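Within every chain, numbering begins at 1; the chains are lettered A, B, ... in the order of the sequence lines, protein sequences first and strands thereafter. It should be emphasised that the depicted structure is a prediction, and the values quoted were computed from it without experimental measurement.
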There are 2 protein chains.
Amino acid sequence: MMKNTAPPISPKVTDPKVTDAPRALKRSRPVQVADQIKRWVVERDLRKGDKLPNEAEMIAQFKVSKGTVREAMRILEAQGLIVTKTGPGGGSSVGEVSKDRAMSLLGNYFYFKDLSLSDIYQIRKLLEPEMVANLAGHLDDSTLAELRAMAHQYPEPARSPEEEKQQHISSLAFHARLAEASDNDLLGFVIAFMARILADLTVYRRLYAAPNKELWERGRRHQIELVDALERGDGPGARAIMLSHMEGAETMMNAQEMRITREFMAETPTS
Amino acid sequence: MMKNTAPPISPKVTDPKVTDAPRALKRSRPVQVADQIKRWVVERDLRKGDKLPNEAEMIAQFKVSKGTVREAMRILEAQGLIVTKTGPGGGSSVGEVSKDRAMSLLGNYFYFKDLSLSDIYQIRKLLEPEMVANLAGHLDDSTLAELRAMAHQYPEPARSPEEEKQQHISSLAFHARLAEASDNDLLGFVIAFMARILADLTVYRRLYAAPNKELWERGRRHQIELVDALERGDGPGARAIMLSHMEGAETMMNAQEMRITREFMAETPTS
DNA sequence: GAGCCTAATTCATCATAATAAATCTAAGCG
DNA sequence: CGCTTAGATTTATTATGATGAATTAGGCTC
């Protein structure tokens, strides 16, 4: 029917090398090879940096052509699971999936989903206060200093739409930095992901809506007060400030026309 | 739901600066080609099902060899962005990233992160009550019936560890089904993802810890009461029930020894 | 007109060869 | 003796062409 080049159908075959191919009868060979490599990695509990066999060995191991092995490697590489280098001592090795790549891949999913601002803020209002409550009293001095610097970066309200956008991005970076410090990796990831989605939005300020100076000032004060609360370990205080901050931010966002950029999120090339 | 902030999709977002090879250094050719194809798709605002040029055209278009084009296609395919078929009328076409694939890719990221149960439950306790509060009064009859059937599936406490595991999985499926019905796609995704992580855990019940009949019974009652509350549109009630349910579930989970299966999440072949 | 068969189209896989990149080695120079 | 650097080596990267397999469309038979 669909697979008579290889002899995998009969159950009692003693396939040389391919000891383990129970399911996987509908997928292309590169995908199958990629899956086998994944299993191979998991079985040996390889970790970041551990090396995989080189191309030639894989060709021999899986009895497939060079091109097929390469396509399999590309699949794994696209998922961020391996990295490959050339040269002596080169080859492929296990690579931890970076947060950046994970967010990009997840962004591809939501590209088709048209999230609304209220969707995102509904979650931010729940998660961000909780996160800062956890964080209170657990941040080291350098992180606190970093946050404080970010909070003080823009001492004045924006005078141009472009500047306002910069401040907006900067504010989101503040939240992303907080998320990075979170002990709860999942919580931190979701919050950072939302910050990134918001940062990727294209903002069209309504021309007739003058920047709301009062709201802006309150947002800035929130950030400063938040860092203070975090420093003195005041969890409930931090939570309350963040909640208020989120509500203010939501109001500001709703006062603007926004549109999701219809681009796949690109990975930031380490800049 | 207040979806009023979601803007209608407007045409033309393309920034003229970044349309053509801005920075193409340092990356391999297949990756560059994949990026070009992505841009090509976005610029034309192609949607699910729209077809891409065939292999030969791409070879001519990008002036690279067939192998390179194929590797680029494998990259995009691994990310779920395209699907490829053979035969007349075959070729590659744009494919919506499936929820399943998105969860697998995200799972690869957390494979290296060793999430704890308390990390997950901290978030569940925040998000799931909120979700059901949104859902109250917004579910159609067939969904309600489906949920009710799931809630009634196991009328008796488990008599064996294996059966208990089945019930556990079933309960998580209940939550995943709720998440699927959520209007807030991001909220639903995060909740379904957590359910999947929990389902992928390998459970080792402590041999000396007899199944807690009372807790189990309360959990079951929660599910039934929850569906009732959802049906009559009682948002606050649904929220309260779910919060209580989450707390109970957390207690039960903590009474068990669990270990994350050290496997990359596989995609379920068909669903 | 229904059903089967053949042919055309398109991707899938394999094989081989030449190229490029990274590293290591050791000769050459100061 | 130590540093530099040219070349050799290892490994992945790209290219090319040929053959195979899957799928559909159209035609042929009855």
Side-chain angles (χ1 to χ4, degrees), chain A residues 1-9 15-18 21 24-37 49-95 269, chain B residues 21 24-37 41 49-95 269:
Chain A
M1 296 262 174
M2 59 184 74
K3 269 252 161 284
N4 53 4
T5 49
I9 300 187
D15 263 339
K17 299 298 183 183
V18 187
L25 283 183
K26 182 72 188 280
R27 289 128 79 114
S28 74
R29 245 174 205 165
V31 174
Q32 290 180 45
V33 171
D35 282 346
Q36 292 187 56
I37 295 172
D50 293 340
K51 296 183 64 66
L52 272 57
N54 66 21
E55 271 187 356
E57 282 178 70
M58 296 236 180
I59 292 168
Q61 166 80 21
F62 298 120
K63 300 281 207 298
V64 296
S65 77
K66 196 183 189 72
T68 303
V69 169
R70 287 186 57 76
E71 288 182 22
M73 296 309 234
R74 281 289 128 75
I75 290 171
L76 297 175
E77 198 174 89
Q79 299 177 354
L81 297 172
I82 66 170
V83 293
T84 72
K85 289 187 319 187
T86 70
S92 302
S93 52
V94 179
Chain B
L25 309 174
K26 193 81 167 60
R27 287 136 80 107
S28 75
R29 230 182 284 202
V31 175
Q32 291 179 44
V33 171
D35 283 347
Q36 285 183 264
I37 295 172
V41 167
D50 294 341
K51 296 183 68 65
L52 273 56
N54 66 19
E55 266 187 4
E57 283 178 68
M58 296 235 180
I59 293 168
Q61 168 79 28
F62 299 118
K63 302 284 206 294
V64 296
S65 78
K66 180 177 43 185
T68 303
V69 168
R70 286 187 57 78
E71 288 181 24
M73 296 309 236
R74 289 292 90 77
I75 290 171
L76 297 174
E77 196 174 273
Q79 300 178 352
L81 296 173
I82 65 170
V83 293
T84 299
K85 289 187 317 189
T86 71
S92 301
S93 52
V94 179

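For the pair N54(A) CG and dA21(C) P, the interatomic distance rounds to 20 Å; values are reported in whole Å. Atom P of nucleotide dT16(D) and atom NZ of K66(A) are separated by 17 Å, given to the nearest angstrom. One can place CD1 of I82(A) at 14 Å from C1' of dT11(D), the figure rounded to the nearest angstrom. The separation between K85(B) atom NZ and dT23(D) atom C1' is 9 Å, rounded to whole Å. A straight line from CE of M73(B) to C1' of dT10(C) spans 12 Å, rounded to a whole angstrom. Between the CD atom of E57(B) and the P atom of dT10(C) there is a distance of 9 Å, rounded to whole Å. Atom NZ in K63(A) sits about 17 Å away from atom C1' in dT13(C), given to the nearest Å. The separation between I59(A) atom CD1 and dA17(C) atom P is 14 Å, rounded to whole Å.
The side chain of T84(A) contributes an N or O atom lying less than 4.0 Å from OP1 or OP2 of dT13(D). Between dC11(C) and R70(B), no contact under 4.0 Å exists linking OP1 or OP2 to a side-chain N or O. Side-chain nitrogen and oxygen atoms of T68(A) include at least one within less than 4.0 Å of the OP1 or OP2 phosphate oxygen of dC14(C).
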>> Let's go through R70(B) and E71(A) carefully: what are the C-alpha distance in whole Å and the side-chain angles of both, what is the deciding distance for salt bridge (charged side-chain N to carboxylate O under 4.0 Å, His left out) to 0.1 Å, and is it a yes or a no?
In response: CA-CA 7 Å; R70(B) 286 187 57 78; E71(A) 288 182 22; 2.8 Å; yes
>> Determine whether T68(A) and K63(A) satisfy the following criterion, side-chain contact (heavy atoms from CB on, under 4.5 Å), listing intermediate values before the conclusion.
In response: CA-CA 10 Å; T68(A) 303; K63(A) 300 281 207 298; over 6 Å; no
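Backbone-only engagement by G91(A) is indicated by non-hydrogen atom pairs under 4.0 Å involving sugar-phosphate atoms exclusively.
Set against dT13(D), dC11(C), dA22(C), the side chain of P88(A) has dA22(C) as its closest nucleotide. Nearest nucleotide to the side chain of P30(B), out of dT14(D), dT13(D), dC14(C): dT14(D). Closest to the side chain of R29(B), out of dT10(C), dA15(D), dT13(D), is dA15(D). When distances are taken from the side chain of S65(A) to each of dA12(C), dA22(C), dA15(C), the shortest belongs to dA15(C).
More than 12 heavy-atom neighbours from other residues, nucleotides or ligands sit within 6.0 angstrom of NZ on K51(A).
The two atoms that bring A72(B) and V33(B) nearest to each other are CB-CG1, 3.7 Å, heavy atoms only. Closest approach of I82(B) to M73(B), counting heavy atoms only: CD1-O, 3.6 Å.
Taking the nucleotide of DNA chain C with the nearest heavy atom to each of G87(A) and E71(A), the more 5' of the two is matched to E71(A).
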